[in-house]
Q: 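Okay, here's the structure, questions in a sec.
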Number of protein chains: 2
Amino acid sequence: MTAERYTEGLDFILDLTSGVPYYRQVIKQVEMAIADGRLRKGSKLPTVRSLAVHLQINPNTVARAYNEMEIRGIVNTQQGTGTFISDKKIDLSLEERANILDSLVRSFLANASAYGFVVEDIIGHLDTLKEDVKI
Amino acid sequence: MTAERYTEGLDFILDLTSGVPYYRQVIKQVEMAIADGRLRKGSKLPTVRSLAVHLQINPNTVARAYNEMEIRGIVNTQQGTGTFISDKKIDLSLEERANILDSLVRSFLANASAYGFVVEDIIGHLDTLKEDVKI
DNA sequence: CTTCTTGTACTAATAACATAATACAATATT
DNA sequence: AATATTGTATTATGTTATTAGTACAAGAAG
């Protein structure tokens with residue numbers, strides 16, 4: 001399968017029941033893979049057509065995800081070649097960085113609390129995620 | 001605020017970035033609250049109008065969530081009175097609970113990675129927050 | 001009884017999403 | 001050079017989600 005040409009350990013899956021649009025799920029999975037180290041600068045993503053076959057969706061839907069990621073600077077795409085993770089650098093001072101992180105985390109904790117989760121739940125789950133990636 | 005009339009400790013929050021339809025988020029949050037005991041038979045939910053104001057969405061959207069929950073037997077609603085949790089048991093397995101948490105965490109990580117944060121950053125900050133809360 | 005509060009119903013409009021189909025342009029391979 | 005692979009663009013169609021606005025019916029409160 002041509003999908004083998006992209007980074008090992010990266011497997012796209014769609015959750016058909018979540019109500020989250022498909023293209024968003026693709027974007028989020030790429031972002032996740034970047035966050036936990038499975039994808040890095042220069043890594044090649046599966047082609048539009050192969051990922052569409054893999055996920056059993058229309059190529060245009062994959063193309064939409066890739067296009068949006070390019071607009072956001074997450075990837076570089078080139079006709080005839082493919083799509084690669086960019087080296088997008090986020091220039092923030094340490095202080096700005098800390099402020100944004102704090103804001104993101106607090107917002108997330110609030111949201112999680114609406115479902116009844118507490119900090120320990122989150123930390124436990126993140127530790128588990130991290131262990132999974134290590135294998 | 002009229003929302004005070006419903007069960008203490010229950011707070012609805014929408015994640016505008018996850019792509020999950022709003023009405024589904026409301027339903028899921030009610031289900032979680034029932035499963036972990038924050039809501040029980042007879043507990044009153046906020047009115048359609050008050051929750052709509054609280055969440056800054058259209059009342060019809062809340063009404064949709066409430067209507068679907070009534071169809072599924074989760075709540076009983078009565079015009080002129082309000083909406084109450086039914087006596088239907090909702091048992092979420094540990095796995096289902098973990099899936100919900102996983103979905104929340106992944107969506108958050110994807111957002112965070114757009115700012116250049118990685119899992120270790122998040123865990124570190126959560127540990128820090130956890131220490132703060134202890135004090 | 002009157003007024004207020006509550007959920008219900010309905011219509012119309014808009015935006016977003018996903019698909020199918022097709023064709024073209026740029027790059028890579030043979 | 002010819003062919004294959006890759007992303008891009010476009011049009012049209014259908015479905016879903018959300019909103020706004022309005023009105024009605026049922027229950028609660030005064």
Side-chain angles (χ1 to χ4, degrees), chain A residues 1-7 12-30 42-86, chain B residues 1-7 12 14-28 30 42-86:
Chain A
M1 178 166 97
T2 59
E4 278 170 357
R5 286 196 285 161
Y6 61 84
T7 308
F12 290 91
I13 298 178
L14 291 185
D15 178 353
L16 309 183
T17 65
S18 66
V20 179
Y22 298 151
Y23 80 96
R24 280 186 175 215
Q25 290 187 47
V26 170
I27 292 172
K28 283 190 187 301
Q29 287 176 35
V30 170
S43 301
K44 179 178 168 66
L45 293 185
T47 66
V48 167
R49 289 176 176 84
S50 70
L51 187 55
V53 168
H54 176 62
L55 296 177
Q56 297 178 56
I57 57 176
N58 192 279
N60 281 327
T61 309
V62 176
R64 178 163 185 203
Y66 282 15
N67 183 52
E68 183 163 319
M69 285 192 280
E70 173 151 59
I71 287 171
R72 287 159 55 176
I74 298 171
V75 299
N76 299 311
T77 75
Q78 198 160 6
Q79 285 194 28
T81 311
T83 300
F84 304 84
I85 302 298
S86 76
Chain B
M1 180 165 94
T2 58
E4 279 170 356
R5 283 194 286 164
Y6 61 84
T7 309
F12 290 91
L14 291 184
D15 180 356
L16 309 183
T17 66
S18 66
V20 178
Y22 298 150
Y23 78 97
R24 283 183 178 216
Q25 291 187 46
V26 170
I27 292 172
K28 190 68 72 180
V30 170
S43 300
K44 179 175 167 70
L45 292 185
T47 68
V48 167
R49 290 175 173 86
S50 70
L51 188 55
V53 168
H54 175 62
L55 296 176
Q56 297 178 59
I57 57 177
N58 193 277
N60 280 327
T61 309
V62 176
R64 179 165 185 200
Y66 281 15
N67 183 55
E68 184 164 319
M69 285 192 280
E70 173 151 57
I71 287 171
R72 287 159 57 177
I74 298 171
V75 300
N76 300 310
T77 75
Q78 198 160 7
Q79 286 195 30
T81 310
T83 299
F84 303 85
I85 302 300
S86 74

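Basis for what follows: all heavy atoms, side chains included, without hydrogens, waters or symmetry-related copies. Lettering of chains follows the sequences in order, A, B, ..., and the numbering in each one begins at 1.
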Q: Taking for each residue the nucleotide of DNA chain C with the nearest heavy atom, is it B:G82 or A:T61 whose nucleotide lies nearer the 5' end?
A: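 Checking each residue's closest nucleotide, the 5'-ward one belongs to B:G82.
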Q: For the pair made of NZ in A:K44 and P in C:dT27, what is the distance, rounded to whole Å?
A: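 In whole Å, C:dT27 P and A:K44 NZ are 14 Å from each other.
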Q: Say you draw a straight line from CZ of A:F84 to OG1 of A:T77; how long is it, rounded to the nearest 0.5 Å?
A: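 Reported value, rounded in 0.5 Å steps: 9.5 Å.
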Q: Please report the distance, rounded to the nearest Å, between CD in B:E68 and P in C:dA9.
A: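 After rounding, the gap between these two atoms is 14 Å.
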Q: For residues B:S18 and B:Q25, report the shortest heavy-atom separation together with the two atoms involved.
A: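 Result for this residue pair: OG-NE2, 3.6 Å.
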Q: If you only use heavy atoms from C-beta on, which nucleotide in C:dA18, D:dA28, D:dG7 is closest to the side chain of A:P21?
A: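 Between C:dA18, D:dA28, D:dG7, the one nearest the side chain of A:P21 would be C:dA18.
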Q: To the nearest angstrom, how far is B:Q79 atom CD from D:dA26 atom P?
A: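 Rounded to the whole Å, the gap is 7 Å.
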Q: Taking the side chain of A:N58 as heavy atoms from C-beta outward, which of C:dG7, D:dT18, C:dT19 is closest to it?
A: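 The answer is C:dT19.
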Q: Atom CG of A:L55 to atom P of C:dT19: distance rounded to whole Å?
A: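 Whole-Å distance recorded here is 10 Å.
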Q: Considering the options B:N76, B:I85, B:L45, which one meets the side chain to side chain contact (heavy atoms under 4.5 Å, CB included) requirement together with B:M69?
A: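 Output: one option passes, namely B:L45.
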Q: Between D:dA17 atom C1' and B:N60 atom CG, what is the distance in whole Å?
A: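 Rounded to the whole Å, the gap is 12 Å.
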Q: Within the pair B:Y22 and D:dT18, is there a side-chain N or O less than 4.0 Å away from OP1 or OP2?
A: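 Checking D:dT18 against B:Y22, no side-chain N or O comes under 4.0 Å of OP1 or OP2.
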Q: Contact class for A:R49 vs. all strands (heavy atom < 4.0 Å): base, sugar-phosphate, or nothing?
A: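 Base: the residue A:R49, judged by heavy atoms under 4.0 Å, touches a nucleobase.
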Q: Just the rounded figure in Å: distance from C1' of C:dA28 to CD of A:Q78.
A: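 So the CD-C1' distance, A:Q78 to C:dA28, works out to 11 Å.
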Q: Starting at CZ of A:R64, measure out to OH of A:Y23 and round the result to the nearest 0.5 Å.
A: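 Interatomic distance, A:R64 CZ to A:Y23 OH, rounded to 0.5 Å: 4.0 Å.
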Q: How long is the line joining CD of B:E70 and P of D:dA26, in whole Å?
A: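 Atom-to-atom, B:E70 to D:dA26, this comes out as 15 Å.
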Q: Without decimals, in angstroms, what is the distance between B:N67 CG and D:dA17 C1'?
A: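 That distance rounds to 15 Å.
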Q: Please tell me which of B:R64 and A:Y66 maps to the more 5' nucleotide of DNA chain D, matching each residue to the nucleotide holding its nearest heavy atom.
A: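 Nearer the 5' end of the strand: A:Y66.
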